[in-house]
Amino acid sequence: MATLENVSQCVLDGDLDEIKVLVQALIDEGMDPIKIINEGLIAGMNIVAPLFKSGEMFVPEVMESADTMNEGMKLVKPLIMDADMPSKGKIIIGTVNGDLHDIGKNLLIMMMESNGYVVVDLGVDVKEEDFVAAVKKHQPEIVGMSSLLTTTMMKIDSTIKQLIKEGVRDQVKVIIGGAPVTQEFADDIGADGYSEDASTAVDLCDRMMYEICGQQAISA
Amino acid sequence: MATLENVSQCVLDGDLDEIKVLVQALIDEGMDPIKIINEGLIAGMNIVAPLFKSGEMFVPEVMESADTMNEGMKLVKPLIMDADMPSKGKIIIGTVNGDLHDIGKNLLIMMMESNGYVVVDLGVDVKEEDFVAAVKKHQPEIVGMSSLLTTTMMKIDSTIKQLIKEGVRDQVKVIIGGAPVTQEFADDIGADGYSEDASTAVDLCDRMMYEICGQQAISA
Amino acid sequence: MAKKFNQLAYRNLDDFVYGSSPKPVTTKSGMVIGGGTVYPEINFTLPGMDINDSTIKKAATIYSNIIDGVLKRAAELYTPGVLVEYETLPDFTEHPKYGIEINRILINSMKEAAEKYGLKTAIRTTPNDLREMNRPPVMRSGKYWDTMLELFEQSVKDGSDFISIESTGGKEINDSALVKADIRKAIFALGVLGCRDMEFLWKNLVDIAGLGKDCYAAGDSACGFANTAMVLAEKGFIPHVFAAVIRVIAVPRALVAFEQGAVGPSKDCAYEGPFIKAITGCPISMEGKSAAGAHLSPIGNIAAAVADTWSNESIQQVKLLSEMAPIVGMEQLIYDCRLMNAATENGQQLIFRDLLVKSDAALDVQAYVLKPDVVFRISAELVKTQDNFLRTKMAAQLTVAELKKAINEGKVKSDKRDMKWLDKMQKQIDTIPDDAIEFYNQIKSELDMDKFIPSEYGL
Amino acid sequence: MAKKFNQLAYRNLDDFVYGSSPKPVTTKSGMVIGGGTVYPEINFTLPGMDINDSTIKKAATIYSNIIDGVLKRAAELYTPGVLVEYETLPDFTEHPKYGIEINRILINSMKEAAEKYGLKTAIRTTPNDLREMNRPPVMRSGKYWDTMLELFEQSVKDGSDFISIESTGGKEINDSALVKADIRKAIFALGVLGCRDMEFLWKNLVDIAGLGKDCYAAGDSACGFANTAMVLAEKGFIPHVFAAVIRVIAVPRALVAFEQGAVGPSKDCAYEGPFIKAITGCPISMEGKSAAGAHLSPIGNIAAAVADTWSNESIQQVKLLSEMAPIVGMEQLIYDCRLMNAATENGQQLIFRDLLVKSDAALDVQAYVLKPDVVFRISAELVKTQDNFLRTKMAAQLTVAELKKAINEGKVKSDKRDMKWLDKMQKQIDTIPDDAIEFYNQIKSELDMDKFIPSEYGL
Ligand SMILES: [Zn+2]
Ligand SMILES: [Zn+2]
Ligand SMILES: [Zn+2]
């Protein structure tokens, strides 16, 4: 028998075939698709996240769980209005101009998505004006930038300046990360937050969303 | 026979007894006391400085030379008006509030004095207002501050702010140094110069004096 | 004509020690790398700053301060020689005039240090691989290829002793293989794409090295592959056993440079070095605890066991309580080398090598695969074929088997999940055919074709 | 009743090795210091910042981040234990509540690490000597004495394992003796003022340690004397031979703490440690190449030869490419210790000790005086008298003689000016009488009486 608990467990196990069966069964039973998402699929990822943080799950396992959740989502999504889709918030993410590192960025995206954020990936070597254009187009709550080189970290600064110049800096929280980046640097250039790695970035974004929207957002 | 060259050599050798004999002999011959200073005593120290810089003389040897020069000075000084005394410039030096390190500061003083500067030593643990008071009283061209601790280096910043507040910042060049201090920090807080150690500080001050007074000052 | 490596360069495991190698390389200054002495290899980089025409002068001053500082300290500590590595930041390869200027500054300071202190030095110039600036990467032509070669060529002409690179062929596929711990894709990335690119690239680099006087093609590093895996494993993101296997499957790729004519010392961050040394007899560079400022690792001591130069990988020009960080790094490397060389002078290098090994080998699977006996056993199998792809597949199989055995026998600490992952990898490896093209056809449908261009690899 | 040390703690030079000592000390967590294993000792400090009521919270967070970071890395690298040193910055002793708060934060994090990782730790609390805040220093009473003792007492009650200090008695005279290379004044500063102050101070500290459960008075460091001399010598400001002699004349001063009841491990930056270990049998802490971020030195390896804990001295919380600097320091210390302990496990600790010695001993006179055989020879003479001042004078004579012999026999590298300075020192030492008070009366007229208060030293 398919239950919400089975769905959660299936997400945790990362079983791509089984999830389809389970979710379809619940849909057929007439269960509210939003309930399937919140109490089944996302609930599963909510077990995954702390296990990853405590070192009991590896990234590839988390990714399998995320893929499994997404597989389930595919079935319920068509049944819900876009506006009703549960989301913690929207974030655009990119590696700054001149910098080609993307593993860290991709890990972050994976972690954010599997924690219920909608992520727009701008890729690597993203120019200042492209960050601005993406903010204008996607209207995210958060902009995330990473730099892995001492010679590209100043591009974070120039991107923030560009956001100010184009009048959209106040619409977003800016979070930054990467090997040479520090909290002090974040403070210096006026970023809103700094995160050491992908696993702490989610907490940071949760705090940011809390500042933006109040408690509501986090428990969404 | 006493010659200016003998005087220089005697300063280099650090012979405290011989210098009195030599300088007195030149005075008795009727030589211009300012010439004795410039071409004898200071000329001797001008040989010492590069030898120290290249590692061929130790600090205690430089100090002996400086003592020897001063011993000679004692004899000629009474013969000259204060205003005519050759001096590269005046500098006040202190270790900032909360910091007790003085060896580095004392080395700096020794190097500055033996290079022809007039030095006012404010000691260690010098409060912001005491630096300001000393600037007002002694009217130096340069203020030197040192800090050896990460928790006292910000006192350099607050001293500079105090100099600004009291309207005397523009009258002086500010140079700073000490283990945690860097060129970057100097730039950040608006100091005019940074020096890694006592032996490079003299060059720095010479450059500062050049900016203030032009070539004249250095060859004084 | 590519060289063939069909047997080990050593007969006796006891001869396989740090500081000496069957094929030492002599620099213009008379340093004999692999000739008995371990030399420090110092690396450094800029603090956070923009690079453009208005800041390049400042950057040049910083490099000048760094090199003068480290060479002064090296002389004060009586080191028998220093290998300097200049590894460029992208801006310095994209604008070769920047990179050329810095390289010349370093060479000049080295000459001055020779006159002033009698210090022996040599320089390894390592332009970063610019070809990945195109997405998907364009590997064999185009603007980035041209500027990169321009920097190589001029550096060689200006007097660089060694040229190296951390080449990135196949990285576009390997990146996602790592975070998914997908061993099949990693084998494709390293064993097919990586090896094919290395062949093309190093043929060119060996030719370029030939343009200089006593300039040598030194070797490559699978840094963006195997060291990224190690860092991800240290963070707990992927299994340590996965990172250990990646390390060894990077060996056949690294070997291609030597088949094309590279002579070492191989790159510092190429921990595949011990295998290269065992197979080719060429000297290697390694890095460990004294490179902790660049990356933490589980192989701090064992990395030195058969090293010929000992490196700090990289450190920014920041102030520590004593001195600027590169000077601190120089001092630490020199003391590490002194200790190793003291043992050699006593004829105790084997004892010391074994202590370096004992220190780490039982505590992490990534250290275990660098044990000289393990290196010998795996290398002896790899030389049996001359097919780079097959070698890569074999490297994976052999490493999985070595690790299973070691864990079962309690010879190495392991995570309770490690055996599961080794089984999983073995199963995946078993699905891989022995022929590269057959494998390519098999895996093609799983590859993200937006990310790579087959023809850039002759596919 | 003060202890007497009238013979060496060892019969055989071969027993005098790192990691084990005749009188090991066991911590609450079960670390046995001097019991066979060398442990890392980690130190750290704040980045540049003001300390006051509005910033103390930020400082506390920084310390909390540091300790959590270093202990996590220590656990990941399976270290058998970690000694944490909390050495206060002046603000934290002047306002004991600040110092007490940080000490508690560290102790709490250590407890958490024990639960989370099973990591064994211990803490050495080292308030800075505040008494020199008065100029001239007031050594035996007053506000600074009181706040300093308050911090010591509460730390002991809160669970510190060890208390230490870098005491400054006599520094007010020694400072100018150093830059003038005036050996007579230095002997007065260390042998009269220093020893007298140590007697008073350590009697108090041993009593305070007794207020805690399993808390030990650990030892002092002549840091502001002998390490300042070393740093000045490294900069080329004073002769290396002078710094070497200062090192050894600091020994009788350090010994006073042990006569009063200190049991070790002595302070990391107290390079007089090997002498203390030879004479008292107590374990010692040392630091060398892995403390290069705090100060460069000519004794990077030899310092470890008979060390029981191995320290990084201090490093600010700044970011390096890999991680925060204290974490980098932790990793480096652990690998150094692993290597030493691996040798011990093989029964090769003597071989390894001798390599550490061979590495540096012939290259600098300051390293030479730390050679175990030199340490034994000089120590064996020092224990023949119980008069601290006479011991200090003898230390100077013995060291000058050892160095002259070594230089003449070509056993140690020396500057062409060194012999001249040794002769000069010898002449000066020969003018010193054997009685402290007689010496005081002789030298009184040369002392700057604005700088020190004789009655604070019972003079
Ligand atoms: Zn690398
Ligand atoms: Zn100290
Ligand atoms: Zn310390």
Side-chain angles (χ1 to χ4, degrees), chain A residues 14 51-64 66-67 95-111 122-126 128 147-159 161 176 178-182 184-186 188-189 196-200, chain C residues 44-52 55 59 62 88-92 94 98 128-135 137 168 171-172 174-183 224 228-229 231-233 235-242 294-295 314-318 415-417 420-421 424 450-451:
Chain A
L51 287 174
F52 173 63
K53 234 174 135 178
S54 66
E56 284 160 89
M57 278 180 85
F58 292 120
V59 165
E61 294 162 338
V62 176
M63 291 181 90
E64 277 176 22
D67 287 349
T95 303
V96 296
N97 192 3
D99 202 317
L100 296 169
H101 292 84
D102 49 5
I103 285 194
K105 174 185 71 63
N106 291 344
L107 282 173
L108 175 63
I109 291 172
M110 188 269 296
M111 295 306 300
L122 302 182
V124 297
D125 192 16
V126 180
E128 289 87 339
S147 149
L148 265 282
L149 296 172
T150 55
T151 45
T152 56
M153 61 192 278
M154 299 312 294
K155 291 292 189 324
I156 299 177
D157 183 34
S158 54
T159 304
K161 293 212 171 92
I176 69 176
V181 175
T182 62
E184 203 194 348
F185 178 72
D188 277 0
I189 63 167
E196 214 178 308
D197 57 34
S199 67
T200 55
Chain C
F44 36 76
T45 191
L46 294 172
M49 66 182 293
D50 256 340
I51 299 299
N52 52 51
T55 62
I62 294 174
T88 66
L89 290 154
D91 295 299
F92 294 82
E94 206 175 336
Y98 294 169
N128 68 300
D129 190 348
L130 217 57
R131 299 171 299 166
E132 58 167 346
M133 294 288 281
N134 279 309
R135 291 291 165 109
T168 58
K171 190 168 166 292
E172 63 272 42
N174 196 69
D175 273 3
S176 70
L178 287 190
V179 290
K180 291 191 173 152
D182 182 338
I183 195 67
T228 301
V231 170
L232 292 172
K235 283 183 183 285
F237 287 176
I238 62 173
H240 283 219
V241 285
F242 184 80
H295 54 72
S314 192
I315 195 98
Q316 325 98 298
Q317 174 80 333
V318 294
D415 186 282
K416 60 182 189 299
R417 297 164 294 176
K420 188 192 102 189
W421 276 94
K424 193 171 167 179
D450 293 343
K451 286 208 170 150

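Small disclaimer: the values here were computed from a predicted structure and weren't measured.
Counting heavy atoms from C-beta outward, C:Leu232 and A:Ile103 have side chains that approach closer than 4.5 Å. Counting only heavy atoms from C-beta outward, the side chains of C:Val179 and A:Met63 approach each other to under 4.5 Å. Contact annotation: the side chain of A:Thr151 never approaches that of C:Asp50 to less than 4.5 Å [non-hydrogen atoms, C-beta and beyond].
We find the CZ-CE distance between C:Phe237 and A:Met110 to be 8.0 Å, quoted to the nearest 0.5 Å.
Top candidate by heavy-atom pairs under 4.5 Å with chain C, chosen from A:Leu107, A:Asp157, A:Asn106, is A:Leu107. The residue among C:Arg135, C:Glu132, C:Glu94 with the most heavy atom pairs within less than 4.5 Å of chain A is C:Arg135. Of all the listed residues (C:Ala59, C:Gly48, C:Gly224, C:Pro90), the one sharing the greatest number of non-hydrogen pairs under 4.5 Å with chain A is C:Gly48. For the set C:Arg417, C:Lys171, C:Met49, C:Met133, the entry with the most heavy-atom pairs within less than 4.5 Å of chain A is C:Arg417.
Of the two parts of A:Val124, only the side chain, counted from C-beta on, holds a non-hydrogen atom closer than 4.5 Å to a non-hydrogen atom of chain C. Proximity to chain C is limited to the backbone of A:Met57, based on heavy atoms less than 4.5 angstrom apart. Interface residue A:Phe52: only side-chain heavy atoms are found under 4.5 Å from chain C. Proximity to chain A (any heavy atom under 4.5 Å) is shown, for C:Lys416, by neither the backbone nor the side chain. The parts of C:Pro239 that come within reach of chain A are both its backbone and its side chain, each placing non-hydrogen atoms under 4.5 angstrom from that chain. There is no contact between C:Ser176 and chain A, counting heavy-atom distances below 4.5 Å.
Residues passing the side chain to side chain contact (heavy atoms under 4.5 Å, CB included) test with A:Glu56 are A:Leu51, A:Ser54, sequence neighbours excluded. Checked against side chain to side chain donor-acceptor pair (under 3.5 Å), C:Asn174 has no partners two or more places apart in sequence or in another chain.
Salt bridge status for C:Lys424 with A:Glu64: present, with a side-chain N to carboxylate O gap under 4.0 Å.
Aromatic pair C:Phe242/A:Phe58: centroids not less than 6.0 angstrom apart.
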